[in-house]
Amino acid sequence: MEDETEKQKQKKHSAMLERLSKRGQTRSTNPESSAESTSSFFSRFSTLKTSIESQLDQSQSFSSDPTNLKLHFQSISQSISDLEKLVAENSYLLPSYDVRTSLKTVSDLKNSLENLTNQLIPKRKFSFKNKPTKKDDKDTAIPQPKQPSQLSTLDTRLAVRESPGFRNKVGEVLVARFRGSEVGEFAVSDLDSCEVRILGSVRALFVHRLKNSRVSVGPVTGSVLIEEAEGCVFVLASHQIRIHAARKCDFYLRVRSRPIIEDCNGVRFAPYCLSYRGIEEDLRGAGLDTETGNWENVDDFRWLRAVQSPNWLVLPESERVGIVDLSNLKNGDEEI
Amino acid sequence: MGLLSIIRKIKRKEKEMRILMVGLDNSGKTTIVLKINGEDTSVISPTLGFNIKTITYQKYTLNIWDVGGQKTIRSYWRNYFEQTDGLVWVVDSSDLRRLDDCKLELDNLLKEERLSGASLLILANKQDIKGALTPEEIAKVLNLEAMDKSRHWQIVGCSAYTGEGLLEGFDWLVQDIASRIYMLD
Ligand SMILES: Nc1nc2c(ncn2[C@@H]2O[C@H](COP(=O)(O)OP(=O)(O)OP(=O)(O)O)[C@@H](O)[C@H]2O)c(=O)[nH]1
Ligand SMILES: [Mg+2]
């Protein structure tokens with residue numbers, strides 16, 4: 001019985017995936033050049049926007065007729081949703097700056113609508129949720145979803161579990177080797193004036209509160225998340241890199257996607273430059289053996305404008321460190 | 001006829017469901033959506049605004065809104081609340097340090113009047129990572145048992161990496177929404 005449903009599920013799943021991947025193909029063979037579709041996007045966008053704005057302007061004239069006013073607002077709301085959908089559908093082709101400004105427009109229109117609604121339609125005393133009738137018709141026809149019952153029997157101690165990592169050190173050299181072993185997440189936090197070297201790959205790397213330290217790591221097959229760093233140098237290869245609240249740090253990166261910064265300043269970027277015996281193999285294993293050039297495609301979430309963000313820059317070649325070679329590590333370093 | 005019933009009627013005809021995916025940055029939302037859609041997940045950048053995917057799932061059309069979770073853009077989430085049938089909250093089960101943040105943001109979301117009728121699926125993602133918390137542990141940390149009794153919710157462990165658990169989660173969500181919205185069919 002159990003088996004049967006499991007099989008059915010599997011079958012359903014693979015059928016779905018197949019169907020969906022076919023859909024994807026037909027879509028991607030669509031011979032539309034992106035420049036063409038960008039300009040047609042903008043003309044459709046501005047037509048829709050203008051029509052919504054004029055609809056909003058007309059709202060006052062309905063103010064004495066609540067039924068029609070509601071319908072009017074409903075239709076505006078629908079148009080805004082359509083506009084939003086248009087942006088969303090084009091968000092893959094559009095430059096990120098245009099996505100942002102279009103989103104801002106949508107959001108402003110929504111706010112105007114919300115304000116007008118509050119202004120022209122008096123608020124009800126009771127929220128919909130409190131109406132007993134709704135509950136009733138729900139209860140009669142629908143089986144309640146099963147609550148995960150095993151939760152109640154779970155013991156109350158949720159140990160403050162920690163991931164493997166280096167924590168709370170000052171002025172030390174910290175070395176970890178993960179070559180050939182299966183490692184999950186690794187955390188590096190609360191270090192001052194340390195040198196961290198991680199050889200081999202991990203799936204996820206979390207970095208938190210580092211000062212005046214150097215961190216060099218082999219390929220990360222998932223993502224790196226860095227929060228609060230000051231005066232540090234990072235040498236990292238990863239599928240994704242997110243940097244939050246870093247000041248005066250240098251990053252030598254190889255990334256498959258665009259690195260992002262948020263609440264940073266004085267951060268500089270250069271290409272990856274790590275070396276140790278076997279790194280080529282590790283990089284290949286992680287799908288990071290080719291330079292993507294993404295180390296300089298930094299997106300600053302705090303900077304909405306099309307011009308270069310003042311928070312980061314490309315590290316001038318003359319100031320780069322050259323190759324960081326970890327091949328000849330001395331014994332006696334702290335290792336795990 | 002009230003606004004809500006009009007919307008319901010339109011949706012019922014088209015068998016459409018609007019699903020909103022949110023969660024902290026780095027939790028795996030975009031990877032999950034692309035995986036479900038059978039697309040390549042090897043190069044994904046952090047989401048600057050949002051993406052939308054229309055997926056046919058069983059006999060329904062799911063409009064999945066995948067919204068970026070970086071701190072700067074969390075304030076935009078509220079723009080997507082309207083008409084949401086299903087809410088998917090994605091958790092990075094290996095990010096132990098930010099679970100407090102995760103709980104805080106989820107609690108805020110659940111206070112939203114406009115989301116009060118939405119079914120809630122919590123995906124405890126990245127189960128493939130050694131050291132990740134189990135769905136039971138995540139449920140405990142997020143204190144899900146204390147949730148408003150009228151909310152339909154479910155937590156499922158999954159991995160966007162292997163695909164495990166995704167189908168189970170979405171099956172529950174779609175069935176739950178269908179039983180509320182389309183029960184008259
Ligand atoms: N090991 C593992 N890694 C995962 C899994 N799901 C996602 N990741 C990785 O986690 C990182 C973040 O994934 P995204 O899908 O970009 O996360 P997101 O939630 O969309 O992030 P924002 O767009 O910033 O909100 C990527 O490097 C993924 O490869 C998983 O199940 N297992
Ligand atoms: Mg994303």
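Sequence lines set the chain letters: A, B, ... in the order given, protein chains first and strands last, and positions in each chain run from 1.
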**Prompt:** Among side-chain atoms of B:Thr56 and B:Thr61, is any donor-acceptor pair under 3.5 angstrom?
**Reply:** no

**NZ or CZ of A:Lys110 within 45° of B:Tyr80 ring axis and under 6.0 Å** = yes

**Complete:** Whatever's closer than 4.5 Å to a heavy atom in chain A on B:Asp92 counts as side chain

**Prompt:** Heavy-atom distance under 4.5 Å to chain A: side chain of B:Lys126, backbone, both or neither?
**Reply:** side chain

**Item:** Portion of A:Glu114 that has a non-hydrogen atom of chain B nearer than 4.5 angstrom
**Value:** side chain

**Pair B:Tyr76 and B:Phe50, ring centroids less than 6.0 Å apart** = no

**Request:** Could you tell me whether the side chain of B:Ser93 and the main chain of B:Thr134 form a donor-acceptor pair under 3.5 Å?
**Result:** no

**Request:** Pick one of side chain, backbone, both or neither for A:Arg242, based on which atoms fall under 4.5 Å of a heavy atom in chain B.
**Result:** side chain

**Request:** Using non-hydrogen atoms and a 4.5 Å limit, figure out which bit of B:Thr31 sits close to chain A: side chain, backbone, both or neither.
**Result:** neither

**Message:** If you count heavy-atom pairs within less than 4.5 Å of chain A, which of B:Asp95, B:Asn63, B:Ile73 leads?
**Reply:** B:Asp95

**Request:** Name the region of B:Ser75, side chain, backbone, both or neither, that has any atom closer than 4.5 Å to a heavy atom of chain A.
**Result:** neither

**Prompt:** Think B:Arg18 forms a cation-pi with B:Trp65, using NZ or CZ under 6.0 Å from the six-ring centre and within 45 degrees of its axis?
**Reply:** yes

**Request:** Against chain B, label A:Ser77 side chain, backbone, both or neither, depending on which of its atoms sit under 4.5 Å from a heavy atom there.
**Result:** side chain

**Request:** Between chain A and each of B:Arg97, B:Arg78, B:Arg98, count heavy-atom pairs under 4.5 Å; write down the option with the most.
**Result:** B:Arg97

**Request:** Indicate whether any N or O donor in one side chain lies under 3.5 Å from an N or O acceptor in the other, for A:Gln240 and A:Arg258.
**Result:** no

**Item:** Heavy-atom pair count under 4.5 Å with chain A, highest-scoring of B:Ser94, B:Gly49, B:Pro46
**Value:** B:Pro46

**Asked** chain B heavy atoms under 4.5 Å from A:Asn294: which part of the residue, side chain, backbone, both or neither?
**Response** neither

**Asked** Where does B:Asp25 contact chain A at under 4.5 Å (heavy atoms): side chain, backbone, both or neither?
**Response** both

**Asked** For B:Asn79, does its backbone N or O pair with a side-chain atom of B:Glu82 as donor and acceptor, under 3.5 Å?
**Response** no

**Item:** Contact summary for A:Gly184 and B:Ile129, nearest pair of heavy atoms
**Value:** CA-CG2, 3.7 Å

